[in-house]
Amino acid sequence: VSRTQWTSELTLQVDDARDHIQGPAGAPVTLVEYGDYECPYCGAAYPIVKEVQSRLGDRLRFVFRNFPITTSHPHAERAAEAAEAAASQDRFWEMHDHLYENQQHLEDADLHRYAEELGLDVASFDRDLADGAQTERVREDFMSGVRSGVNGTPTFYINGMRYDGSYELESLLASLERAGTRS
Amino acid sequence: VTTVEHPAAPIAAGEKAPDFELNSTPDQKVSLSDFGGRPTILAFYPEDWSPVCSDQLALYQELLPEFQRYDAELLGISVDGIWSHLAFANDRNLHFPLLSDFEPKGDVARAYGVYRTGDGTSERALFVIDGDGVVHWSYVSPVGINPGADGILRALDDLAAKSGS
């Protein structure tokens, strides 16, 4: 089989100033996820990521970037913008979790309600969504993923290299552990 | 999963891309030469409706504005009939031409060296063709793996850099 082979590496490095990050900067393992809030596979991966975070503790740094495939998931873009709007109020992760825990309910009215439930400045949140204030940011995430070889969601990178293995708990955990001892 | 080796020999960079004329709708035909002067992306995929194909083409749909920035045309090609293509495009919100390499079946895939004889479908293969009709980049992905779009964008970058210099 004639194939051009290239390694899929993260083309946009993790940046404290722009990225949404959980875990210490000095952690030996960095896991980056490109995800879509309406994608059922991402929904399935969500509790697994939580579990590896809890098992690895301070040894893991987790980064989430947006990869909404609106062609398949009509609510994914707005949901991503909602998470970014929450981020502008320093509440990204709460909204991120809320969205994945309520994947079936991502209409605009739902997003508005989540902002209320999280105690955000709702007027500012609504304005951000109405003005498309986060559109560019979401697209920047998306394109950085495309350039890094994201071909569907979720796609994970472990210490900057695309992880093509299974994201079932045991496989993901084992790969993260290995990356941790290597570095 | 059994792996069958299909030694695909896709037309390589530097070779002339074979012209073709295929239906994009029941009464419209599309030729490679229609896009003379502009880069063309040919995305051969095995079959309408398969999960990997759907994800791959949905990603390309998202990227249409990017491809347009390079003034590049995207064409999907499979051996499916035109009515299957229309239903598939409609169901998956795909707004670029899906060409039907249906009769004689797989002729264009064969011309590009990416027909899978045993399966009666094509490889999952990508070609970026320059404005002069010459293949600039080609890639055959393992059939069950979505190749993404980073290779396409890199090839388009190359072409843009060349024509700019």
Side-chain angles (χ1 to χ4, degrees), chain A residues 1-12 34-42 44-45 65-81 132 135-136 138-157 160-166, chain B residues 3-13 51-67 69 89-96 112-114 116 123-128 135-157:
Chain A
V1 177
S2 150
R3 325 209 265 126
T4 318
Q5 211 39 285
W6 62 78
T7 50
S8 286
E9 294 180 32
L10 211 54
T11 55
L12 179 65
Y34 280 91
D36 168 320
Y37 288 109
E38 202 176 1
C39 155
Y41 303 105
C42 300
R65 289 177 179 168
N66 299 292
F67 203 84
I69 302 187
T70 52
T71 306
S72 318
H73 305 130
H75 304 95
E77 170 69 25
R78 292 288 267 197
E81 291 181 18
T135 310
E136 200 179 313
V138 171
R139 189 68 182 177
E140 191 179 281
D141 274 8
F142 182 86
M143 286 312 299
S144 77
V146 173
R147 291 285 184 173
S148 306
V150 172
N151 54 9
T153 53
T155 294
F156 291 101
Y157 292 79
M161 300 299 294
R162 193 175 70 191
Y163 171 67
D164 291 331
S166 153
Chain B
T3 314
V4 185
E5 274 305 309
H6 291 265
I11 296 211
V52 175
C53 298
S54 303
D55 291 348
Q56 183 189 1
L57 299 181
L59 177 62
Y60 295 171
Q61 173 65 38
E62 294 293 318
L63 288 168
L64 284 185
E66 295 300 319
F67 298 151
R69 285 181 40 214
N90 187 42
D91 189 70
R92 303 298 153 92
N93 297 316
L94 304 176
H95 302 287
F96 54 88
Y112 279 79
V114 294
R116 291 168 68 88
E123 296 284 353
R124 193 178 299 286
L126 299 170
F127 294 85
V128 172
V135 173
H136 179 73
W137 175 79
S138 62
Y139 177 74
V140 175
S141 182
V143 89
I145 296 183
N146 175 347
D150 48 331
I152 297 174
L153 291 176
R154 233 170 293 177
L156 292 173
D157 280 341

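None of these values were measured; they are calculated from a predicted model.
Under the 4.5 Å side-chain criterion, counting only non-hydrogen atoms from C-beta, B:Glu62 is not in contact with A:Val146. Proximity of A:Thr71 to B:Leu94: side-chain heavy atoms (C-beta onward) are separated by under 4.5 Å at one or more points.
With sequence neighbours left out, the ring-ring contact (aromatic ring centres under 6.0 Å, His included) criterion links A:Phe142 to A:Phe67.
Tested against A:Asn151, the residues B:Asn146, B:Val52, B:Asp55 include a single side chain to side chain contact (heavy atoms under 4.5 Å, CB included) partner, B:Asn146.
Heavy atoms of A:Arg139 lying under 4.5 Å from chain B belong exclusively to its side chain.
Here the straight-line distance linking atom CG of B:Asp150 with atom OG1 of A:Thr11 works out to 8.5 Å at 0.5 Å rounding.
Your options are B:Arg92, B:Gln56, B:Glu66, and the one with the most heavy-atom pairs under 4.5 Å with chain A is B:Glu66.
Of all the heavy atoms in B:Ala58 and A:Ile69, the pair that sits closest is CB-CG2, 3.9 Å.
A salt bridge links B:Asp157 to A:Arg147: at least one charged side-chain nitrogen sits closer than 4.0 Å to a carboxylate oxygen.
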